Amino acid sequence: SARARDAGLANVAARVGLIEEYEGPCDLALALHVCGSGTDAVLLQAQARGAAFVVAPCCIGKLRDGGLKSVAGMKNAISTADGDGD
């Protein structure tokens, strides 16, 4: 990321996407405002790689319609969002 580069950090990479689909290396899993089962997925990915983790969920118990129950549900929600970037 630009911030990591500007700070002189050569060993930092940021990824945006579904954590369940990530297959690369990881030394530290950082998840901010991860809702519902996404928190569990981050912890499982970190555990599988022996990575440290920082997780800060924001809306546990406040998910509309019971939340997203699966990766397929998340993909559907992302693809049907209005996409205006807000």
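Values in this document were obtained by computation on a predicted structure and should not be read as measured data.
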Student: Show the nearest heavy-atom pair for residues Ala41 and Ile19, with the distance to one decimal.
Tutor: CB-CG2, 3.3 Å

Student: Counting only heavy atoms not in Asp40, do more than 12 sit closer than 6.0 Å to its CG atom?
Tutor: yes

Student: List the residues meeting side-chain contact (heavy atoms from CB on, under 4.5 Å) with Ala29, not counting sequence neighbours, and say none if there are none.
Tutor: Cys26, Val42, Ala46, Phe53

Student: What pairs with Ala4 under side-chain contact (heavy atoms from CB on, under 4.5 Å), at least two apart in sequence or on another chain?
Tutor: Ser1, Leu9, Val12

Student: Supply the atom-to-atom distance Gln47 CD to Arg49 CZ, rounded to the nearest 0.5 angstrom.
Tutor: 11.5 Å

